Novice: 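Have a look at the structure that comes next, please.
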Amino acid sequence: MTSEASPGRREIAVVAFAQSDTLRSTAELSEVEMLMPVLHDVLAQTGLKTADIGFTCSGSCDYLAGRAFSFTLALDGVGAWPPISESHVETDGAWALYEAWTKLLSGDADTALVYSYGKSSPGSLRDVLTRQLDPYYVAPLWPDSVALAALQAQALIDAGDTDERELAAIGARSRTTDNPRAQLKGPVPQGDYLVRPLRRGDCPPIGDGAAAVILAAGERARELCERPAWIRGIDHRIEAHSLGVRDLTDSPSARLAAERAGAFERPVDTAELHAPFTSQEVVLRKALGLGDSTRINPSGGALAANPMMAAGLARIGEAAVRIHRGESDRALAHATSGPCLQQNLVAVLEGDPR
Amino acid sequence: MSKEPVAVVGIGQTKHVAARRDVSIAGLVREAAGRALEDAELTWADVDAVVIGKAPDFFEGVMMPELYLADALGAVGKPMLRVHTAGSVGGSTALVAANLVAARVHGTVLTLAFEKQSESNAMWGLSLPIPFQQPLLAGAGGFFAPHVRAYMRRTGAPDTVGSLVAYKDRRNALKNPYAHLHEHDITLEKVQASPMLWDPIRYSETCPSSDGACAMVLTDRAGAARAPRPPAWMLGGAMRSEPTLFAGKDAVSPQAGKDCAADVYRQAGIADPRRDIDAVEMYVPFSWYEPMWLENLGFADEGEGWKLTEAGVTELDGDLPVNMSGGVLSTNPIGASGMIRFAEAALQARGQAGEHQVEGARKVLGHAYGGGSQFFSMWLVGSEPPDA
């Protein structure tokens with residue numbers, strides 16, 4: 001229901017995108033200080049001011065900052081005065097964008113500011129992420145994010161879907177990017193095993209960063225952007241939490257989200273995938289039916305920069321910017337949440353005909 | 001482009017208590033969701049999407065618990081969205097879910113909010129560590145007490161008003177089988193004799209820490225036509241936020257609250273809230289917030305809210321009943337508290353509130369706030385569909 005371009009549905013587009021550098025540590029910056037330049041950047045691209053925005057939605061997670069209500073102070077950076085219509089999701093900003101998209105669809109607003117940010121540096125990210133597992137049976141064992149991804153990678157290798165050589169090539173290709181905001185770029189040694197079969201080069205860098213997007217509906221989008229990236233469809237789906245009941249070599253939720261977003265109606269020329277581990281790109285390429293004609297992660301993706309809670313929103317932003325620049329006509333953007341690709345969001349973006 | 005009308009066709013709550021040691025977090029939420037589906041006479045398969053909210057993850061020590069709860073809420077293979085807007089989250093979550101129906105993205109949405117506060121200590125969970133906050137600002141009471149003081153000083157309200165609210169809400173709770181506190185021997189004297197916690201807020205004028213969940217089934221016009229019991233119709237809904245701390249903020253009557261109410265009234269065609277609205281479920285975690293919000297929401301002129309309370313207007317049999325369910329003062333699973341306000345408003349509009357039903361309630365306001373009185377969410381629900 002989400003996907004089919006239903007007649008009379010409002011056309012909504014990404015009209016601007018900004019992101020921070022992704023850095024291993026930003027100890028000298030508060031979250032608000034990290035976010036402010038990104039907000040100023042994305043607003044400046046459209047000439048809009050906070051008071052002009054119809055709806056604002058953000059994504060972040062308290063567990064990264066290590067304190068409750070961490071998002072409340074970020075709002076001060078937005079400059080929410082006079083008071084604004086605003087909401088927040090405790091997850092990646094891609095889901096904040098989804099909430100904003102529905103708000104624009106209902107006609108309650110014509111423009112939306114979406115932002116997200118995360119600082120992984122204050123804690124040990126691998127340990128922190130164990131806290132999102134089943135709190136009774138799994139979390140007490142502290143299985144970390146790399147170990148869980150390694151289970152998935154080994155399952156893929158056992159199934160004959162990939163091998164270590166192909167995984168290394170995915171890492172190397174991802175880091176061959178000219179994205180100035182990327183944390184890792186250029187040749188990076190594949191390194192030793194972190195958790196077999198994953199080597200350091202198969203894993204994302206740990207980094208702090210922020211991203212922001214502006215959405216606009218209909219004519220407003222054309223006023224704000226020369227070539228808006230129209231959201232033709234967007235959908236997200238979740239799977240069971242327990243790894244024991246899932247086929248880790250497949251991603252039925254990503255496939256279903258893509259189908260509902262209309263991704264299979266025509267081929268896409270670009271795909272920005274939120275695959276923090278090389279092995280997860282293998283899973284997603286298969287689930288999303290992406291062939292060699294599709295350029296995967298020209299931005300470098302999460303293997304070049306993986307700011308928690310912002311990396312998924314950045315995938316939508318990166319795909320949109322390529323459409324703005326005329327480098328893509330039809331792009332797929334993907335975001336994920338949870339262990340081993342449990343939850344997946346897919347958006348299909350298109351430019352005006354050239 | 002017109003929006004799809006949104007109807008509340010199912011409501012479920014748990015019996016709220018201090019500690020639900022008999023169930024896991026998954027068991028707790030499933031209980032409320034199951035009751036909401038039962039009320040709507042629907043099954044898990046009828047639900048197109050799940051929207052879930054709760055207050056800080058630190059309360060249970062689970063990061064993004066919606067991931068783990070996907071199975072328990074029948075969300076596998078469906079969209080599941082998690083909302084977090086501090087204390088207002090229960091209300092915001094319902095509004096995000098309602099918007100999915102209004103925008104015709106989904107036909108039927110299950111929305112749920114919960115808190116299992118016994119897993120931790122909310123008092124200290126809400127006390128940010130130094131250097132983020134000054135010492136001795138313990139819990140929410142430490143933050144809000146100065147604002148109550150400012151209200152008393154500004155309006156000249158006698159210091160007896162707060163205890164009247166607490167006494168009323170605790171008596172109302174006795175009529176609500178789901179309320180946490182059932183103080184059968186409550187008297188006004190007992191409230192007034194309870195220890196002073198954060199001057200001027202006494203122990204009996206504060207909310208408890210509860211384990212509980214609340215769920216609603218929201219649906220479109222076609223879904224409402226199939227509903228077995230009368231639906232409540234959403235006539236207006238809005239969210240507003242303002243910064244936590246800045247020189248221009250009126251902490252006693254925040255502008256964001258006024259703007260949010262004005263937006264809801266505009267959508268619902270409410271000209272005079274005092275006359276046009278029949279009852280209110282408002283977020284009153286400390287008793288003095290009843291007179292404060294009566295002014296902020298436009299039910300009384302500035303400085304006059306306490307007079308309505310003192311005159312008994314907000315009693316269950318008064319002219320404008322407030323917190324018929326016993327309110328946050330009697331039940332406070334923080335992340336769910338806002339949704340309970342929204343759900344209780346809908347119960348009233350459906351005429352399904354049982355012993356605490358207000359006779360002839362047709363338009364009822366549900367209200368929630370959070371953070372440093374900076375996040376607001378509200379909806380107005382009615383017994384008749386919009387444009388009827």
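Per chain, numbering begins at 1; letters A, B, ... match sequence-line order. Because the structure is a prediction, the values reported are computed rather than measured.
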Novice: Considering only heavy atoms, which portion of A/L129 lies under 4.5 Å from any heavy atom of chain B: side chain, backbone, both, or neither?
Specialist: both
Novice: Would A/S60 and A/H88 count as a side chain to side chain donor-acceptor pair (under 3.5 Å) here? Give the steps.
Specialist: CA-CA 8 Å; A/S60 68; A/H88 172 259; 2.9 Å; yes
Novice: Using a cut-off of under 4.5 Å on heavy-atom pairs, state which of B/G371, B/A86, B/A102, B/A256 scores highest against chain A.
Specialist: B/A86
Novice: Taking the side chain from B/D57 and the backbone from B/M64, do they hold a donor-acceptor pair closer than 3.5 Å?
Specialist: yes
Novice: Go through the atoms of B/F246 and report whether side chain, backbone, both or neither lie under 4.5 Å from a heavy atom of chain A.
Specialist: side chain
Novice: Answer with side chain, backbone, both or neither: which region of A/A139 has an atom nearer than 4.5 Å to a non-hydrogen atom of chain B?
Specialist: neither
Novice: For the residue pair A/R131 and A/W142, would you count it as a cation-pi contact if the rule is NZ or CZ under 6.0 angstrom from the ring centre and within 45 degrees of the ring axis?
Specialist: yes
Novice: Start with the C-alpha gap between A/D52 and A/K49, add the side-chain angles, then the distance that decides, and say whether salt bridge (charged side-chain N to carboxylate O under 4.0 Å, His left out) holds.
Specialist: CA-CA 5 Å; A/D52 303 326; A/K49 300 198 164 29; 5.8 Å; no
Novice: Measuring heavy-atom distances to chain A, does B/D71 have an atom under 4.5 Å in its side chain, in its backbone, in both, or in neither?
Specialist: side chain
Novice: Of the listed residues (B/P243, B/S241, B/A103, B/S377), which shares the most heavy-atom pairs with chain A below a 4.5 Å separation?
Specialist: B/S241
Novice: Does any backbone or side-chain atom of B/I25 lie under 4.5 Å from a heavy atom of chain A? Answer side chain, backbone, both or neither.
Specialist: both
Novice: What's the verdict on side chain to side chain donor-acceptor pair (under 3.5 Å) for B/S337 and B/N332, showing C-alpha distance, side-chain angles and the deciding distance?
Specialist: CA-CA 6 Å; B/S337 291; B/N332 189 32; 2.5 Å; yes
Novice: Against chain B, work out which of A/L133, A/I84, A/T56, A/V138 has the most heavy-atom pairs shorter than 4.5 Å and name it.
Specialist: A/I84
Novice: Given side chains that start at C-beta, do those of A/L104 and A/L215 come closer than 4.5 Å, heavy atoms only?
Specialist: yes
Novice: Select one option (side chain, backbone, both, neither) describing which atoms of A/E86 are under 4.5 Å from chain B's heavy atoms.
Specialist: both
Novice: Name the option with the most non-hydrogen atom pairs under 4.5 Å to chain B; the candidates are A/V89, A/L75, A/V128, A/D76.
Specialist: A/D76
Novice: Start with the C-alpha distance between B/D263 and B/R240, add both sets of side-chain angles, then the distance that settles salt bridge (charged side-chain N to carboxylate O under 4.0 Å, His left out), and finish with yes or no.
Specialist: CA-CA 9 Å; B/D263 192 358; B/R240 284 293 183 285; 2.9 Å; yes
Novice: Can you confirm whether the side chains of A/D144 and A/T130 place a donor and an acceptor under 3.5 Å from each other?
Specialist: no
Novice: Is any side-chain N of the basic residue among B/D211 and B/R21 closer than 4.0 Å to the acidic one's carboxylate O?
Specialist: no
Novice: Are A/D110 and A/R220 ion-paired here, with the side-chain N under 4.0 Å from a carboxylate O?
Specialist: no
Novice: In the structure I gave you, are the side-chain heavy atoms of B/M239 and B/F375 within less than 4.5 Å of one another anywhere?
Specialist: no
Novice: Only pairs of heavy atoms separated by less than 4.5 Å count here; which of B/G77, B/S92, B/A70 has the most with chain A?
Specialist: B/G77
Novice: Under a 4.5 Å cutoff for heavy-atom pairs, which residue among B/V62, B/L81, B/L67 has the most contacts with chain A?
Specialist: B/L67
Novice: Could you look at A/N344 and say if it's the side chain, the backbone, both or neither that has a heavy atom under 4.5 Å from chain B?
Specialist: neither
Novice: Relative to chain B, which segment of A/V78 carries a heavy atom at a distance below 4.5 Å: side chain, backbone, both, or neither?
Specialist: neither
Novice: Could you tell me whether the side chain of A/E31 and the main chain of A/F71 form a donor-acceptor pair under 3.5 Å?
Specialist: no
Novice: Which region of A/Q342, side chain (C-beta onward) or backbone (N, CA, C, O), has a non-hydrogen atom less than 4.5 Å from a non-hydrogen atom of chain B, or is it both or neither?
Specialist: side chain
Novice: Counting only non-hydrogen atoms closer than 4.5 Å, does A/T72 touch chain B with its backbone (N, CA, C, O), its side chain (CB onward), both, or neither?
Specialist: both
Novice: Under 4.5 Å, counting heavy-atom pairs only, tell me which of B/K54, B/Q255, B/E60, B/K78 racks up the most with chain A.
Specialist: B/K78
Novice: Quick check on B/L100 against chain A: is it the side chain, the backbone, both or neither that has a heavy atom closer than 4.5 Å?
Specialist: side chain
Novice: Check each atom of A/I238 against the heavy atoms of chain B and say whether the ones under 4.5 Å are side chain, backbone, both or neither.
Specialist: both
Novice: Below 4.5 Å from any heavy atom of chain A, which atoms of B/V83 appear? Answer side chain, backbone, both or neither.
Specialist: both
Novice: Output the option from B/Q374, B/Q267, B/M80, B/K249 having the highest count of non-hydrogen pairs under 4.5 Å with chain A.
Specialist: B/M80
Novice: With a 4.5 angstrom heavy-atom cut-off, is it the side chain or the backbone of A/Y63 that approaches chain B, or both, or neither?
Specialist: both
Novice: Does the plane of the ring in B/H367 sit parallel, tilted or perpendicular to the ring in B/F376? Use 30° and 60° as the thresholds.
Specialist: tilted
Novice: So what's closer than 4.5 Å to chain B heavy atoms on A/S337: side chain, backbone, both or neither?
Specialist: both
Novice: Given A/R255 and A/V346, is the side chain to side chain contact (heavy atoms under 4.5 Å, CB included) satisfied, shown in steps?
Specialist: CA-CA 9 Å; A/R255 185 182 297 114; A/V346 173; over 6 Å; no
